[in-house]
A.B. asks: 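My questions will all concern the structure given below.
Below, chains carry the letters A, B, ... as their sequence lines are ordered, and counting in each starts from 1.
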Amino acid sequence: MKYWSQTFIPTLKESPSDAEIASHKLLLRAGLVRKLGGGLYTYMPAGLRVVQKISQLCREEMDREGAIELSMPFIHPADNWVEGPRWPAAREIMYRVDHAGAGKGRAKEPEYVLGPTHEEVITPLIKSELTSYRDLPKNFYQIGTKFRNEIRPRYGLMRAREFIMKDAYSFDATDAAAIVSYNKMKRAYTAFFTRCGLKTIAVEADTGVMGGSFSHEFMVPAPVGDDDIVYSEESGYSANREKATSGLVPKDLADAAPVGALEEFATPGIVTIAALAAAPYNAAPDKQFKTLVYMGDGKPFLVVLRGCDELEEAKLGTLGFQLWRQATPEEIEPVMGAKPGSLGTVRGTIKNPTALAGIFADHAIRLVGNGTTGANKDGFHLRNVNVVRDLEVTKFGDFRTVRAGEPDPKSGAPLKIARAIEVGHVFILGTKYSEKFGAVYTDDQKQSHPMIMGCYGIGISRTLQAVIEQSNDADGIIWPWNVAPWQVLVVNLDPQDAAATELCLKLAQAAEAAGVDVLIDDRAERPGVKFKDADLIGLPLRLCVGGRGLKEGIFEFKWRNSKEVRKVAIAEAESVVTQAVREAASKA
RNA sequence: CGGGACGUAGCUUAGCCUGGUAGAGCGCUUGCUUCGGGAGCAAGAGGUCGAGAGUUCGAAUCUCUCCGUCCCGACCA
């Protein structure tokens, strides 16, 4: 048991002005964390306890599914990343670590980086440690700090530059075995989040190139989340919006026949979808083709969408480029022959088509059939543009953002969209890393094969905040039993009174004997302060002892998630506390 | 990386527009009175007004630069 006066729980009456959302305010007000800088937080004693509890639950569930704990360095030689398969993309988010000391660290390239994740470390390790199919399967995990140069840290621990993560990596001989490993992790995650008292939705994140459902994200529905999930209660379909598809384009859609000859018309000063939709042109957005220019690994490529649709940039990941970004007007004009606003992909109108890495069209443009697009000549557009007859397309694909209300690809029912916090992700990696690093095993036919890998992450610190975000009220946090820094708070209203102090100790000992952690508020504070702090820090069970109750021969018993205050006779103290604690523990 | 807002005591903030001795509440210290839902009274400590430069007789206040923080967006042809 811990005495409040002997630990440090600096509660705040008011929220610091830089906290915006409930969970962030409560993290600060309940004295769980303090900010060092943007996205950098100190875990105060009570906050650290929660981190440790969540970590322990995670550890238990990982162990249960046969994963093996180890611990890898935070600092990685940059070479591991340079030799890996994603250096160009990964270097953007990694902090570089140069040699300390005067006169050093002048190298243009970093010599060391702070690890944002550990594929580049564990794969070379496994390459030298595991060589036979008899060694497989194996799944290694660790719980530790990760470093990512987040573009915009947000909402306290929710998106931080430095955060605590559980990461696991599985190694298997076959695809089928990898799926077994994957399903074990999915099961572990479900069990883990449930034990944390967190309601999560496992969302399919189709991997595109791999096909099938080999990736799931565990999402906590919350308006403050960074992700959108697209789902249908009817069919159970659920996916991250970045990957979600809809049944907007029927499978049996017949391509439209041309409606007339291609016709160029002058559109001076018209460079937006909206302007072209207005009089006198009256080309409805869903009858326009929108042409976007991107740069993929240094080469321009085009994406064609309906005028009314939006590009889901994450879907460009299926095209095979390492890095992509929007092209600048300076890059666009020499290739297309016109400035943005007059672009199109009608055959023969692109100035320098050989410069292009491809023209990728969203399936939905087939719904347009015949429409309007830019003529690649400033101030001119083309009408009667037929998808099949006129448009140059390298490949069709799914590139648009799904909207709420579109038909679910499975059931056809309208899709819904909600915000959510991603707290976990399970993913089959295939042989991306094992091939690059030469992590191969020998099978029973003496044949060598790259191992099939999976990776599995849980944001421990983010989970902590997600729990608070999901479980609080106007007075403070309402901790779920298993992750509370202490399960029971014994409030001593009269710490000067020997009888009160003695009863508090008795209650605390009874709870502790029943197997839970107890905090005793022995501070010389006024009752009002203690009650407010009790609600704020949100321990599940509050036992309150004061002179008033002692006279009646009772103490007070109150659950944080209920308004009811129960008076319990001192004579029954031990049995009531023991029973309550055991019951709560068995339900959690 | 754009856009917006902000930066005054440990915390929350007023003052800035319209330049003239920096104010309050909470917290802290001391004393008295209180003592079951963030007590009252009295006295006190605590500020390079984010940093630098400029304008001015005079700058928290006006101008510029930088730094930091928070929010929005990473948006389109």
A.B. asks: Would you classify A/Ile332 as touching base, sugar-phosphate or nothing, given that sugar-phosphate means primed atoms plus P, OP1 and OP2, and contacts are heavy atoms under 4.0 Å?
C.D. replies: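 Touches a base.
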
A.B. asks: Which base, if any, makes a Watson-Crick or G-U wobble pair with B/C75, both distances under 3.5 Å?
C.D. replies: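 Its partner: none found.
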
A.B. asks: Distance between the P atoms of B/C32 and B/G15, in whole angstroms?
C.D. replies: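 Their P atoms lie roughly 39 Å apart.
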
A.B. asks: Using a cut-off of 4.0 Å on non-hydrogen atoms, how would the nucleic acid contact of A/Ser342 be classed: base, sugar-phosphate, or nothing?
C.D. replies: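 It contacts nothing in the nucleic acid.
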
A.B. asks: When you match A/Val293 and A/Gly156 each to their closest nucleotide on RNA chain B, which lands nearer the 5' end?
C.D. replies: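 On the 5' side of the pair lies A/Gly156.
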
A.B. asks: Which residue lies toward the 5' end of RNA chain B, A/Lys290 or A/Gly39, if each is placed at its nearest nucleotide?
C.D. replies: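 First, find each residue's nearest nucleotide; the 5'-ward one identifies A/Gly39.
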
A.B. asks: Between A/Arg241 and A/Thr401, does the side-chain contact (heavy atoms from CB on, under 4.5 Å) criterion hold? Intermediate values first, please.
C.D. replies: CA-CA 7 Å; A/Arg241 197 186 65 174; A/Thr401 302; 3.7 Å; yes

A.B. asks: Is the closest basic N to carboxylate O distance between A/Lys506 and A/Glu574 below 4.0 Å?
C.D. replies: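 Salt bridge between A/Lys506 and A/Glu574, a charged N being under 4.0 Å from a carboxylate O: no.
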
A.B. asks: Suppose we define a pair by two distances each less than 3.5 Å, Watson-Crick or G-U wobble; what does B/U29 pair with here?
C.D. replies: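 B/U29 is paired with B/A43.
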
A.B. asks: What is the ring orientation for A/Phe360 with A/Phe301, classed by angle as parallel under 30°, tilted 30 to 60°, or perpendicular over 60°?
C.D. replies: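 A/Phe360 and A/Phe301: perpendicular rings.
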
A.B. asks: Should A/Thr291 be listed as having a side-chain N or O under 4.0 Å from OP1 or OP2 of B/A77?
C.D. replies: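 Checking B/A77 against A/Thr291, no side-chain N or O comes under 4.0 Å of OP1 or OP2.
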
A.B. asks: Provide, to the nearest angstrom, the distance between the CG atom belonging to A/Leu157 and the P atom belonging to B/C70.
C.D. replies: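 Checked: the CG to P distance equals 12 Å.
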
A.B. asks: Please state whether the phosphate of B/C76, meaning OP1 or OP2, lies under 4.0 angstrom from any side-chain nitrogen or oxygen of A/Gln326.
C.D. replies: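 False: A/Gln326 side-chain N/O out of range (4.0 Å or more) of B/C76 OP1/OP2.
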
A.B. asks: How close or far is atom C1' of B/C76 from atom CZ of A/Arg403, stated in whole angstroms?
C.D. replies: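 Atom CZ in A/Arg403 sits about 12 Å away from atom C1' in B/C76.
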
A.B. asks: May I ask you to check if A/Arg542 and A/Phe557 form a cation-pi contact, with NZ or CZ under 6.0 angstrom from the six-membered ring centre and within 45° of the axis?
C.D. replies: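 That pair does not qualify as a cation-pi contact.
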
A.B. asks: Strictly under 4.0 angstrom, non-hydrogen atoms only: write out the protein contact profile of nucleotides 31-39 of chain B, one letter per nucleotide from the 5' end, B, S or -.
C.D. replies: ---B-BBBB

A.B. asks: Using the C1' atom as the reference point in each nucleotide, state the distance between B/A14 and B/C26 in Å, no decimals.
C.D. replies: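 Going atom to atom, C1' in each nucleotide, I get 15 Å.
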
A.B. asks: A/Glu312 CD to B/C76 P: how many Å, rounded?
C.D. replies: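 Whole-Å distance recorded here is 15 Å.
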
A.B. asks: Determine the interatomic distance between C1' on B/G50 and the same-named atom on B/G36; round to the nearest Å.
C.D. replies: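 Looking at atom C1' only, B/G50 and B/G36 are 44 Å apart.
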
A.B. asks: Output a table of donor-acceptor pairs, distance under 3.5 Å, between side-chain atoms of residues 487-495 of chain A and any protein atom two or more places apart or on a different chain; print 'none' if there are none.
C.D. replies:
from, atom 1, to, atom 2, distance (Å)
A/Gln487, OE1, A/Lys53, NZ, 3.4
A/Gln487, OE1, A/Asp517, N, 3.0
A/Gln487, NE2, A/Trp481, O, 3.4
A/Asn492, OD1, A/Asp494, N, 3.0
A/Asn492, ND2, A/Thr501, OG1, 3.3
A/Asp494, OD2, A/Gly547, N, 2.7

A.B. asks: Suppose we define a pair by two distances each less than 3.5 Å, Watson-Crick or G-U wobble; what does B/U65 pair with here?
C.D. replies: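 Matched B/U65 with B/A51 under the 3.5 Å cut-off.
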
A.B. asks: Would you tell me if any nitrogen or oxygen in the side chain of A/Tyr155 comes within less than 4.0 Å of OP1 or OP2 on B/C72?
C.D. replies: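 The answer is yes; a side-chain N or O of A/Tyr155 sits under 4.0 Å from OP1 or OP2.
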
A.B. asks: Starting from P on B/A77, measure out to CZ on A/Arg306 and report it in whole angstrom.
C.D. replies: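 Taking CZ of A/Arg306 and P of B/A77, I get 16 Å after rounding.
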
A.B. asks: Measure CZ/A/Arg159 against C1'/B/U69 and give the value in whole Å, please.
C.D. replies: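 Rounded to whole Å, this separation is 18 Å.
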
A.B. asks: Roughly, in whole Å, what's the span from NZ in A/Lys35 to P in B/U69?
C.D. replies: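 My rounded result for the distance is 7 Å.
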
A.B. asks: Quick test of your reading of the model: are A/Glu312 and A/Lys243 salt-bridged, counting only N-O distances below 4.0 Å?
C.D. replies: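 Salt bridge: no.
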
A.B. asks: For B/C41 and B/A9, measure between their C1' atoms and round to the nearest Å.
C.D. replies: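 That atom pair is separated by 23 Å.
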
A.B. asks: Using a 4.0 Å heavy-atom cut-off across all strands, classify A/Lys339 as base, sugar-phosphate, or nothing.
C.D. replies: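 No contact.
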
A.B. asks: Nearest whole Å is fine: how far is B/G10 P from A/Leu28 CG?
C.D. replies: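 Distance, rounded to whole Å: 17 Å.
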
A.B. asks: Using distance alone, with no hydrogens and no angle criterion, decide if A/Thr11 and A/Asp533 have a side-chain donor and acceptor under 3.5 Å apart.
C.D. replies: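 Their side chains do contain a donor-acceptor pair, which is all the 3.5 Å distance test asks for.
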
A.B. asks: Check the distance between B/A77's C1' and A/Asp378's CG and give it to me in whole angstrom.
C.D. replies: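 From A/Asp378 CG to B/A77 C1': 11 Å.
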
A.B. asks: Can you tell me the pairing partner of B/A60 across any strand shown, Watson-Crick or G-U wobble, with both distances under 3.5 angstrom?
C.D. replies: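 None - no nucleotide pairs with B/A60, as no candidate has both distances under 3.5 Å.
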
A.B. asks: Any salt bridge linking A/Glu525 with A/Lys530? Criterion: basic side-chain nitrogen under 4.0 Å from a carboxylate oxygen.
C.D. replies: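 Not counted as a salt bridge, because no side-chain N and carboxylate O are separated by less than 4.0 Å.
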
A.B. asks: Between B/G38 and B/G25, how far is it from one C1' atom to the other, in whole Å?
C.D. replies: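 Their C1' atoms lie roughly 13 Å apart.
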
A.B. asks: When you measure from the side-chain N and O atoms of A/Ser17 to the phosphate of B/C11, is any distance below 4.0 Å, counting only OP1 and OP2?
C.D. replies: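 So the side chain of A/Ser17 is outside the cut-off, no N or O lying under 4.0 Å from OP1 or OP2 of B/C11.
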
A.B. asks: What pair of heavy atoms forms the shortest contact from A/Glu333 to A/Lys339, and how long is it?
C.D. replies: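 Here A/Glu333 and A/Lys339 meet closest at OE1-CG, 3.6 Å.
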
A.B. asks: Say we look at B/C71 and B/C28: how far apart would their C1' atoms be, to the nearest angstrom?
C.D. replies: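 Those two atoms are separated by 33 Å.
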
A.B. asks: Side chain of A/Leu292 only, heavy atoms from C-beta on: which candidate in B/C71, B/C76, B/C11 is closest?
C.D. replies: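 For the A/Leu292 side chain, the nearest candidate turns out to be B/C76.
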
A.B. asks: Now, which nucleotide makes the Watson-Crick or G-U wobble pair with B/U13, with each of the two distances under 3.5 Å?
C.D. replies: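 Pair assignment: B/U13 / B/G23.
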
A.B. asks: Does a side-chain N or O of A/Arg154 approach OP1 or OP2 of B/C70 to a distance below 4.0 Å, or not?
C.D. replies: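 So the side chain of A/Arg154 is outside the cut-off, no N or O lying under 4.0 Å from OP1 or OP2 of B/C70.
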
A.B. asks: Decide, yes or no, whether a salt bridge links A/Arg347 with A/Glu392 under the criterion of side-chain N to carboxylate O below 4.0 Å.
C.D. replies: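 Salt bridge: yes.
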
A.B. asks: What's the gap between B/G3 and B/C16 when it is taken at their C1' atoms, as a whole Å value?
C.D. replies: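 Roughly 24 Å separates the two C1' atoms.
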
A.B. asks: Sticking with atom P, work out how far B/C64 lies from B/G73, rounded to a whole angstrom.
C.D. replies: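 Approximately 28 Å lies between the P atom of B/C64 and that of B/G73.
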
